[in-house]
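These notes are about the structure you will find just below.
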There are 2 protein chains.
Amino acid sequence: MLQERLIQTAIDQFGRFGFDGASTRAIARASGTAMSSITYHFGGKEGLYLACADYIAQKATEQNAQGYALMQQTADLDRSTAIEHCLAILDGFALTMLHPDSEGWARFIVREQQAPTEAFERLYGGMMKAPLEGFGRLLAIIRPDLPARERRALVMLMFGQALILRAGRASVCKALGVDSLGEREAKLLRSQLRANSLCILNGGNA
Amino acid sequence: MLQERLIQTAIDQFGRFGFDGASTRAIARASGTAMSSITYHFGGKEGLYLACADYIAQKATEQNAQGYALMQQTADLDRSTAIEHCLAILDGFALTMLHPDSEGWARFIVREQQAPTEAFERLYGGMMKAPLEGFGRLLAIIRPDLPARERRALVMLMFGQALILRAGRASVCKALGVDSLGEREAKLLRSQLRANSLCILNGGNA
DNA sequence: GTCTATACTACGATAGAC
DNA sequence: GTCTATCGTAGTATAGAC
């Protein structure tokens with residue numbers, strides 16, 4: 001479909017060059033159509049930008065369906081099961097951050113976080129709010145000693161460990177002495193993330 | 001000085017709009033000079049961009065002088081002192097990420113990490129390499145059980161917890177239910193970061 | 001629906017006055 | 001060293017053909 005092709009190209013270009021740096025001409029050309037198609041389908045450059053945010057949120061939600069499942073029925077979970085769910089969710093997030101496919105849209109999101117616009121509202125509501133709150137509910141089971149405020153802070157810090165794999169990718173590569181993160185590095189980082197997370201989750205009882 | 005004013009303005013504009021999105025005209029205008037001054041002093045837009053990277057690395061190094069001090073003499077430290085040094089360094093990094101002043105140049109760096117250019121080489125060599133390696137040496141004292149490879153991964157994951165306070169600022173604010181991170185939130189996040197880090201550093205012995 | 005053609009604005013680089 | 005003026009290029013938006 002033309003609209004989808006335009007959006008996919010646009011996500012890459014907006015992520016790479018930013019809203020101002022990307023050009024509708026180049027996006028249209030790379031999508032094999034004329035620039036005025038963007039005006040027709042999305043009303044202009046800004047409409048296309050917002051459509052990109054919606055598209056990312058929708059695709060991410062679809063792709064992370066099993067992660068969502070782990071966060072839904074949190075009512076009657078025992079502690080060790082909740083811990084395994086947390087570890088699985090974090091590992092899933094790390095896998096996404098490590099996966100080459102996330103490069104394009106992750107750039108888009110990281111850029112939005114630096115200077116949030118209307119597009120960020122759609123991204124947060126569409127793909128972040130539910131997972132973060134679900135993770136927080138699991139934490140409530142695992143660390144009942146922590147007040148809700150501390151729990152919310154803890155959620156973000158734990159996700160930060162995985163976020164750096166994308167947002168600080170260049171530094172991670174340098175620090176590990178590699179040009180890119182391959183299978184070997186992914187394995188290393190994921191197992192270290194799991195170990196760290198276990199320490200943190202058990203922190204209240206250590 | 002005119003050159004410094006140009007650089008400071010440019011860091012803000014490049015960080016906000018990216019290399020292509022920022023305009024030399026706007027940078028010059030906001031600095032109270034003509035666009036051709038950029039050509040004269042820096043050779044052009046790209047020269048100004050690289051000068052920004054050098055400026056950031058230099059200022060960050062100056063400002064973090066005490067953090068560097070904590071990482072130099074690592075030879076004969078006992079374990080609990082090394083732990084306190086690690087916690088202090090991480091807290092210093094978190095403080096920088098939380099400080100409003102870092103907003104401008106942090107945006108510049110986060111952007112560079114997404115699509116590294118020559119400027120990233122200067123940033124890494126000028127302000128990241130030494131701190132990350134120093135932190136790694138402290139970790140070698142604290143967690144002698146960990147191989148060097150695992151240690152390097154651990155360093156990055158730990159810094160990730162603090163990095164999200166800048167790179168994922170918009171999400172952190174949303175998750176905490178605030179519009180911006182004030183004193184209250186800073187205190188909360190820093191103490192939770194300290195608690196997490198203690199758990200991780202003691203992980204090998206728990 | 002998708003194209004071409006056009007109007008208008010802004011960009012970076014550079015030459016030359018002072 | 002800093003300015004103004006100008007050139008060539010590229011941006012978005014829009015009108016109108018098909």
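Here is the naming used below: chain letters follow the sequence lines, and residue numbers restart at 1 for every chain. Basis for what follows: all heavy atoms, side chains included, without hydrogens, waters or symmetry-related copies.
For the pair B:E84 and B:R194, the salt-bridge criterion is met [side-chain N within less than 4.0 Å of a carboxylate O]. Looking at B:E121 and A:K174, a side-chain N of the basic residue comes within less than 4.0 Å of a carboxylate O on the acidic one, giving a salt bridge. Salt-bridge annotation for A:R107 and A:E103: present, with a side-chain N of the basic residue lying under 4.0 Å from a carboxylate O of the acidic one.
Taking only distance into account, the side chain of B:S36 meets the base of D:dC3 through a donor-acceptor pair shorter than 3.5 Å.
Following rounding to the nearest Å, B:F17 (CZ) and D:dG11 (P) show an atom-to-atom distance of 18 Å. Separating the CD1 atom of B:I38 from the P atom of D:dT4 is a distance of 14 Å, rounded to the nearest angstrom. Across the protein-nucleic acid pair, A:Q13 atom CD and D:dG11 atom P stand 11 Å apart, rounded to whole Å. The distance between atom CG of A:L48 and atom C1' of D:dG11, rounded to the nearest whole Å, is 15 Å. The CZ-P distance, from B:F42 to C:dG12, rounds to 15 Å in whole Å. Following rounding to the nearest Å, A:I27 (CD1) and D:dA10 (P) show an atom-to-atom distance of 16 Å. As rounded to whole Å, 16 Å separates atom P of C:dG16 from atom CE of B:M35. Rounded to a whole Å, the CD atom of B:E46 is 9 Å from the P atom of C:dA13.
With rounding to the nearest 0.5 angstrom, the CD atom of A:Q192 is 9.5 Å from the OG atom of A:S197.
Using a 4.0 Å heavy-atom distance criterion, A:L2 is classed as a sugar-phosphate-only contact. Within 4.0 Å of B:S37, counting heavy atoms only, lie sugar-phosphate atoms of the nucleic acid but no base atom. Residue contacts shown for A:T39 include a base, since a base heavy atom lies under 4.0 Å away. Residue contacts shown for A:A22 are limited to sugar-phosphate atoms, with no base heavy atom under 4.0 Å away.
Residue A:S23 places no side-chain N or O under 4.0 Å from the OP1 or OP2 atom of D:dA10.
Side chain of B:Y40, nearest nucleotide from C:dA13, D:dG1, C:dC11: D:dG1. Side chain of A:T33, nearest nucleotide from D:dT12, C:dG12, C:dC3: C:dC3.
Between A:H41 and B:R25, the residue anchored closer to the 5' end of DNA chain C is A:H41, taking for each the nucleotide with the nearest heavy atom.
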Does the pair A:E183 and A:K187 meet the rule for a salt bridge (charged side-chain N to carboxylate O under 4.0 Å, His left out), with working shown? CA-CA 6 Å; A:E183 271 305 318; A:K187 198 169 140 73; over 6 Å; no
